[in-house]
Amino acid sequence: MERLQMMEQLTETPKIKVKDLDLFYGDNQALYSVSMDIQEKEVTALIGPSGCGKSTFLRTLNRMNDLIDGVNINGEIIIENENIYQTNDVIKLRTKVGMVFQKPNLFPMSIYDNVAYGPRGQGIKNKKELDKIVEESLRGAAIWDEVKDRLKTSALGLSGGQQQRVCIARAIAMKPEIILMDEPTSALDPISTLKVEELISDMKKDYTIVIVTHNMQQAARISDKTAFFLNGEIVEYDETDKIFSVPNDQRTEDYITGRFG
Ligand SMILES: Nc1ncnc2c1ncn2[C@@H]1O[C@H](COP(=O)(O)OP(=O)(O)OP(=O)(O)O)[C@@H](O)[C@H]1O
């Protein structure tokens with residue numbers, strides 16, 4: 001029994017632990033005492049009405065807000081025993097915690113060069129090694145078969161959905177452990193959306209994924225846990241099935257049934 005309890009505790013160790021996080025843009029507070037444990041190799045969805053702080057919170061997880069003037073952050077984010085706001089090595093952090101944005105943001109260069117860009121920046125020059133990383137990353141993003149015969153052509157010639165999967169490949173090429181996705185399908189058509197959703201569900205065997213989405217069905221389809229944000233606070237955070245069937249808080253229920261937002 002004791003051993004079982006210990007094992008339960010071990011498997012419960014979160015990949016990311018957020019404690020009492022406040023964030024201010026100048027005088028405006030955007031996050032209020034946010035605390036949450038994000039589990040390894042799960043998909044965690046962040047939902048809530050526009051302006052409630054989802055993207056702001058997502059960006060705190062790899063310190064992307066550092067790039068914005070006047071941002072002040074209190075509280076802790078612990079990733080594998082390290083408070084990420086106490087490290088000086090932000091580049092290492094962003095290698096570990098990759099990001100995929102709302103709109104595909106490929107560089108105007110070939111598909112190959114887009115995916116090889118990060119690894120080259122890390123000093124990998126060997127062609128064979130780069131070929132391997134590019135192929136593995138594109139396979140990992142379920143786009144290899146569609147692009148393998150045109151790796152040297154411009155990435156901007158691909159469809160939006162294909163571009164987004166190459167963006168995911170570009171993130172994978174850095175060998176991250178955590179991937180943040182900010183509304184990754186909002187600019188895509190329904191079929192591309194479905195492909196990216198399938199990809200995300202598949203990717204969680206290898207990665208911890210945190211995704212902001214406006215699409216409630218999407219959160220319900222692909223995530224294990226869901227956090228409902230409102231006015232910079234987490235109202236409720238639980239198993240996705242529970243949030244979408246028997247939420248604890250009336251405000252969560254009102255939101256998921258479309259009464260506001
Ligand atoms: N760079 C910024 N400078 C100042 N205020 C900002 C900045 N980015 C966001 N905010 C403010 O912080 C609050 C939270 O915004 P955020 O973009 O995180 O919300 P969101 O839930 O992701 O919204 P949406 O769903 O519309 O993307 C909003 O009041 C917004 O105006």
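Scope of the values below: all heavy atoms of this structure, side chains included, with no hydrogens, waters or symmetry mates. Both counts, for ligands and for their atoms, begin at 1 and track the order of listing. The model shown is predicted, which means the values in this text are computed figures rather than measured ones. When a residue number appears, it is its place in the shown sequence, counting from 1.
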Does a salt bridge link Lys204 with Glu42, judged by any charged N lying under 4.0 Å from a carboxylate O?
no
Return the residue, atom name and 0.1 Å-rounded distance of the protein heavy atom closest to atom 26 (O) of ligand 1.
Ser50 OG, 2.5 Å
Numbered atoms and elements of ligand 1 in range of Pro49, under 4.0 angstrom, heavy atoms:
21 (O)
Only heavy atoms count here, so choose which of Ser186, Ser55, Cys52 is nearest to atom 17 (O) of ligand 1.
Ser55
Non-hydrogen atom of Gly53 closer than 4.0 Å to ligand 1:
yes
Checking heavy-atom distances from atom 18 (O) of ligand 1 to each of Thr56, Val212, Asp69, Asn231, the winner is Thr56
Identify the closest protein heavy atom to atom 11 (C) of ligand 1: which residue and atom is it, and at what distance?
Tyr25 CE1, 3.7 Å
Carboxylate-amine/guanidinium proximity below 4.0 Å for Lys15 and Asp37
no
Taking the side chain from Tyr112 and the backbone from Asp131, do they hold a donor-acceptor pair closer than 3.5 Å?
yes
Please indicate, with yes or no, if any protein heavy atom is found under 4.0 Å from atom 30 (C) of ligand 1?
no
Can you see whether Arg59 engages Asn65 through a side-chain donor-acceptor pair at a distance of less than 3.5 angstrom?
yes
Before signing off on this row, confirm whether Ala30 and ligand 1 have an N or O atom pair separated by under 3.5 Å.
no
Under 4.0 Å from atom 3 (N) of ligand 1, can you find at least one protein heavy atom?
yes
To the nearest 0.5 angstrom, please state how far the CE atom of Met174 sits from the NZ atom of Lys96.
14.0 Å
Taking C-beta and beyond as the side chain, do Lys92 and Thr87 meet within less than 4.5 Å on heavy atoms?
no
Of Ile68, Leu23, Leu58, Asn65, which has the heavy atom at the shortest distance from atom 1 (N) of ligand 1?
Ile68
Output yes when Glu146 and Arg165 qualify as a salt bridge under the 4.0 Å nitrogen-oxygen rule, no when they do not.
yes
Spacing of CG belonging to Leu230 relative to CG belonging to Asp249, to within rounding of 0.5 Å:
9.0 Å
Nearest to atom 14 (C) of ligand 1, what protein heavy atom do you find, and at what distance?
Gly51 O, 3.4 Å
Which of the numbered atoms in ligand 1 are under 4.0 angstrom from any heavy atom belonging to His214?
24 (P), 25 (O)
